[in-house]
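Notes follow the structure.
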Amino acid sequence: MRSTPADLANQVDEPTRPAARSTLALSRAADFIELVKPRLVLMILITTAAGFYIGSYPPVNWFRCLHTLIGAGLTAAGVLGLNQYLERDIDAQMKRTQDRPVPGGRMPPLVALLFGVMLTGSGMLYLTFIVNPLSGLVISLIVASYLFLYTPLKRKTSLCTLIGAVPGALPPVVGWAAARGTVTAEAWVLFAILFLWQLPHSLAIAYIYREDYAKAGLRLLPVIHPDGASTRRQIVMNCVALLAIGLLPALLSIAGGIYFLIALLSGLAFLAFGIYLGVARSVQAARYLLYASLLYLPIVFIAMAVDKI
């Protein structure tokens, strides 16, 4: 019996089907990973772990620390996914975000919503019942303020940057609360460092992509004042404040002299990049400031943990 052309085609295609299915599965997995912004989650986990370690009485309960990172990581991934769901129409209008899974059409919005809710809810419950209720309460403040204050206010007022810095500064407080079951003044020093760091970091991003943000209707400072003068001024002011506040852990005996030196040098370098942006007034200078901010945060928090008193 002779094979028809259709039979021959099926025979040729058959070996390629498992490979095609595997490729499709990997592509879908990559989209879910992209949805939760793993690099940003990693940064959140670093500051959460630092807060836990610095806030711990010896000996450090590493098992509880692991539980804290699991809960915080799940929540952070879920919130970042839900943010992409809520901002899918904005992302579709900007070049740097239009190829994300939801605006790019590779993931249905409902799937992103359900996935984000599942991760966020499980992370909050994990912290509340496995670690302690206070850490669950603090993480719930992050969720509420990020999704229901910061995200919608980006379309309404430039103050959104200040408001968004609050949930962004709370991860070390989550770690501290998980370690001690209470939140002391030292935890708010960590909060203040992260709060002040976020302002030049976020404004540098907004300065670089201000045309994209304007096209999407976001009311960020570089969009409202396109000449950039107010943005550059705010960046320098917050870098100066960060330089001073960044030294407090040593002055309050949270960390020692090694930390003081590293925080001083890092703060001065960060300020130098902020001043350079004020002088150069260029997108490239804003990129240098952005890179400096990505180095400053882990250096300072790791130094604080290593030089803990």
Side-chain angles (χ1 to χ4, degrees), residues 10 12-49 52 62-63 65-131 135-136 139-140 142-144 146-148 150-151 154 164 167-168 170-171 174-175 201-202 205 209 212 216 290-291 294 297-298:
N10 287 335
V12 172
D13 288 345
E14 188 64 36
T16 68
R17 287 176 184 170
R21 286 195 293 267
S22 177
T23 301
L24 180 60
L26 288 174
S27 177
R28 287 177 175 171
D31 285 336
F32 279 106
I33 292 171
E34 184 180 353
L35 184 73
V36 301
K37 299 182 179 179
R39 285 182 295 180
L40 189 50
V41 171
L42 178 61
M43 190 73 79
I44 291 168
L45 291 181
I46 289 173
T47 56
T48 303
F52 186 98
W62 294 110
F63 196 58
C65 181
L66 177 61
H67 281 309
T68 302
L69 295 181
I70 291 172
L74 287 171
T75 308
V79 167
L80 292 169
L82 288 173
N83 176 255
Q84 288 195 50
Y85 165 78
L86 293 172
E87 294 190 335
R88 62 193 184 279
D89 57 330
I90 294 175
D91 287 345
Q93 299 176 59
M94 299 193 294
K95 287 182 181 179
R96 77 184 187 95
T97 57
Q98 62 188 7
D99 196 42
R100 286 175 174 173
V102 178
R106 301 189 306 279
M107 182 181 295
L110 181 60
V111 172
L113 172 63
L114 294 176
F115 187 63
V117 169
M118 179 188 69
L119 290 178
T120 304
S122 61
M124 293 168 65
L125 291 172
Y126 195 95
L127 279 174
T128 301
F129 293 104
I130 302 299
V131 181
S135 63
I139 207 85
S140 69
I142 294 177
V143 174
Y146 191 87
L147 293 178
F148 304 118
Y150 169 64
T151 298
K154 287 166 73 172
L170 283 172
V174 173
H201 171 78
S202 300
I205 295 173
Y209 298 106
D212 248 7
L290 177 60
Y291 300 149
L294 294 174
L297 192 64

What is the minimum heavy-atom distance between Thr97 and Pro103, and which atoms define it? O-CG, 3.5 Å

Have a look at Val117 and tell me which of Thr120, Leu119, Leu113, Leu114 forms a side-chain contact (heavy atoms from CB on, under 4.5 Å) with it. Leu113

At what distance, to the nearest 0.5 angstrom, does OH of Tyr126 lie from OG1 of Thr68? 9.0 Å

Does the plane of the ring in His67 sit parallel, tilted or perpendicular to the ring in Phe63? Use 30° and 60° as the thresholds. perpendicular

Grab the two heavy atoms, one from Pro298 and one from Leu294, that are nearest each other, plus how far apart they are. CD-O, 3.1 Å

Given Arg100, Arg106, Arg39, Arg28, the one that forms salt bridge (Lys or Arg N to Asp or Glu O under 4.0 Å) with Glu34: Arg106

Taking the side chain from Ser135 and the backbone from Val174, do they hold a donor-acceptor pair closer than 3.5 Å? no

Considering non-hydrogen atoms only, spot the tightest contact between Asp31 and Pro101 and give its length. O-CG, 3.4 Å

To check you understand the geometry: which heavy-atom pair defines the closest contact between Thr151 and Leu147, and what is its length? CB-O, 3.5 Å

Counting distance only, does the side-chain N/O of Asp91 pair as donor-acceptor with the main-chain N or O of Gln98 below 3.5 Å? no

Can you measure from CD1 (Ile139) to OG1 (Thr75) and round to the nearest 0.5 angstrom? 4.5 Å

Smallest separation among heavy atoms of Ala216 and Ile90, with atom names: CB-CG2, 3.6 Å

The reported gap from CG in Leu82 to CG in Leu86 (rounded to nearest 0.5 angstrom) is 6.5 Å

Does Arg88 qualify as a cation-pi partner of Tyr85, given the criterion of NZ or CZ under 6.0 Å from the six-membered ring centre and within 45 degrees of its axis? yes

Considering all heavy atoms of both residues, which atom of Pro171 and which atom of Thr47 are nearest to each other, and what is their separation? CB-OG1, 3.5 Å

Take Met107 and Phe32 through the test side chain to side chain contact (heavy atoms under 4.5 Å, CB included) and record every step on the way to the result. CA-CA 9 Å; Met107 182 181 295; Phe32 279 106; 3.7 Å; yes

Interatomic distance, Ile142 atom CD1 to Tyr146 atom OH [nearest 0.5 angstrom]: 11.5 Å

Arg96 versus Ile205: any side-chain heavy-atom pair under 4.5 Å? yes

Interatomic spacing from CD1 in Ile44 to CG in Leu80 - rounded to 0.5 Å: 5.5 Å

Gap separating the OH atom of Tyr209 from the NZ atom of Lys95, nearest 0.5 angstrom: 12.0 Å

